[in-house]
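Order of appearance sets the numbers: ligands from 1, and atoms from 1 within every ligand. Numbers here simply count residues along the sequence, with the first being 1.
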Amino acid sequence: MDTALEDRVVLVTGASTGIGAATARAYGQEGARVALTYRNHPEKAEKVASGIEAVGGQALAVRLDLEDLPTIEEAVATVVEAWGGVDVLVANAVRWGGDGPPDPGIRFEDVSLDEWQAMIGANLIGAAAQVRAVLPGMRSRGWGRIVLISSGVAEEGVPGPGPYGTAKSGLHGLARSLAWEAGRDGILVNVVAPGFTLTDSRPPVPQTIVDRLAAGTPTCRLSDADDVAKLVLFLGSGANGNLTGEIVRDGSSAARAPRIGP
Ligand SMILES: NC(=O)c1ccc[n+]([C@@H]2O[C@H](COP(=O)([O-])OP(=O)(O)OC[C@H]3O[C@@H](n4cnc5c(N)ncnc54)[C@H](OP(=O)(O)O)[C@@H]3O)[C@@H](O)[C@H]2O)c1
């Protein structure tokens, strides 16, 4: 498959760990110049960047905080200054809230409105801000690929993470509208909605739970970060010729984990 990514500039947000890190590596292997963002863990982002450079790629780690919107434009400006523009955006960074994925045991009415605003502000408006920052350059070059990372929770729901799932579902509407608006400028916009994904950032999941979740999927296995990265890579590359405005689910998205997490 020719991804036509050689020397393209790719921005993967939230790439210090997990799906973002795997995605950054995947783009690096295709010869793209990869800018990757972190929030609290520059050392982890630098390690991902070093790994890309160790195999002959180019990488740049930049700080970006979804809860501090000006840092989004600043991060994009840093990449543009270094490499002249952003050809591909993977909006992957996430504000989980608390110490990790939303607590599936929490009751809807116990989530404060401040938390609603913070979650929507970071995970929906933060994604819109990423798109706004890269669009003018993509339009002027007549080419762009945008992949928004959502979650199976956006459409399937799960007890507990109301604000998280709501913010993610907003990305689906964003992509569908933007696909129409930006398509004439050569920009394709899609959403990847992973299910329960095994990542380096997730606390160890007991094998009994992995097996139970996997049994509920068509492929009898859960995705790992590399599975999702390959999907993102296709959508956000020259190999994707005309697929836009789609919500793409992976095999894991059928795994139902009502009391475990997103
Ligand atoms: N893992 C899953 O099972 C799963 C399932 C469905 C959807 N997803 C989606 O897939 C994406 C990646 O998930 P993941 O599990 O791979 O995540 P992860 O490993 O927890 O990584 C999250 C990334 O986001 C960054 N980040 C955290 N808070 C941030 C903030 N406020 N502003 C900017 N960046 C911030 C982190 O940076 P630092 O570490 O440097 O702070 C890190 O790079 C997310 O959009 C998530 O919603 C994941």
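For ligand 1 and Tyr164, the ligand atoms under 4.0 Å from any heavy atom of the residue are 7 (C), 8 (N), 46 (C), 47 (O). Residue Ala15 has at least one heavy-atom neighbour below 4.0 Å for each of these atoms of ligand 1: 43 (O). Residue Ile149 has at least one heavy-atom neighbour below 4.0 Å for each of these atoms of ligand 1: 9 (C), 10 (O), 11 (C), 45 (O). Annotation for ligand 1: atoms under 4.0 Å from non-hydrogen atoms of Ser201 are 18 (P), 19 (O), 20 (O). Counting the atoms of ligand 1 from 1 in the order shown, those under 4.0 Å from a heavy atom of Glu67 are 31 (N). Atoms of ligand 1 lying under 4.0 Å from any heavy atom of Arg202, numbered from 1 in the order shown and given with element: 1 (N), 2 (C), 3 (O). Per-residue contacts place Asp65 under 4.0 angstrom from the following atoms of ligand 1 (heavy atoms of the residue considered): 30 (C), 31 (N), 32 (N), 33 (C). Contact atoms of ligand 1 toward Leu64: 32 (N), 33 (C), 34 (N) (distance under 4.0 Å to a heavy atom of the residue).
Using a 4.0 Å cut-off between charged nitrogen and carboxylate oxygen, Arg8 and Glu30 do not count as a salt-bridge pair. Remark: Asp227 engages Arg221 in a salt bridge, criterion side-chain N to carboxylate O under 4.0 Å.
By the criterion of a heavy-atom distance under 4.0 Å, the backbone of Phe196, and not its side chain, is placed next to ligand 1.
Between His41, Arg39, Gln130, it is His41 that holds the heavy atom closest to atom 39 (O) of ligand 1. In this comparison of Asp200, Ile19, Asn92, the heavy atom closest to atom 11 (C) of ligand 1 sits on Asn92. When Gly14, Ser151, Gly195 are checked for heavy-atom proximity to atom 4 (C) of ligand 1, Gly195 turns out nearest. Counting only non-hydrogen atoms, the option in Asn123, Val232, Val94, Leu66 that gets closest to atom 29 (C) of ligand 1 is Val94.
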Could you tabulate the donor-acceptor pairs under 3.5 Å formed by side-chain atoms of residues 51-59, not counting sequence neighbours?
none

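Ligand 1 has at least one atom lying under 4.0 Å from a heavy atom of Ser150. The closest approach between any non-hydrogen atom of Lys44 and ligand 1 is not below 4.0 Å. Distances shorter than 4.0 angstrom do not occur between any heavy atom of Ala122 and any atom of ligand 1.
Considering backbone and side-chain N/O of Tyr38, none are found under 3.5 Å from N/O of ligand 1. For a threshold of 3.5 Å applied to N or O pairs, the pair formed by Ser16 and ligand 1 contains at least one separation below that value.
For the side-chain hydrogen bond (donor to acceptor under 3.5 Å, both in side chains) test with Ser223, the passing option among Thr199, Asp250, Thr217, Thr197 is Asp250; the others fail.
Screening residues 168-177 for side chain to side chain donor-acceptor pair (under 3.5 Å), with sequence neighbours left out, gives Ser150-His172, Glu155-His172.
The CD1 atom of Ile120 lies 8.0 Å from the CD1 atom of Ile125; values are rounded to the nearest 0.5 Å. Between the CG atom in Leu235 and the CG atom in Leu148 there is a gap of 10.5 Å [rounded to 0.5 Å].
Looking only at distances, a side-chain donor or acceptor of Arg145 sits under 3.5 Å from a matching main-chain atom of Asn240. The closest donor-acceptor contact from the side chain of Tyr27 to the backbone of Gly236 lies under 3.5 Å. Of the possible polar contacts, one joining the Asn92 side chain to the Gly14 backbone as a donor-acceptor pair under 3.5 Å is found.
Taken together through direct or relayed side-chain contacts under 4.5 Å among Ile, Leu, Val, Met, Phe, Trp and Tyr, Trp83 and Leu11 form part of one hydrophobic cluster.
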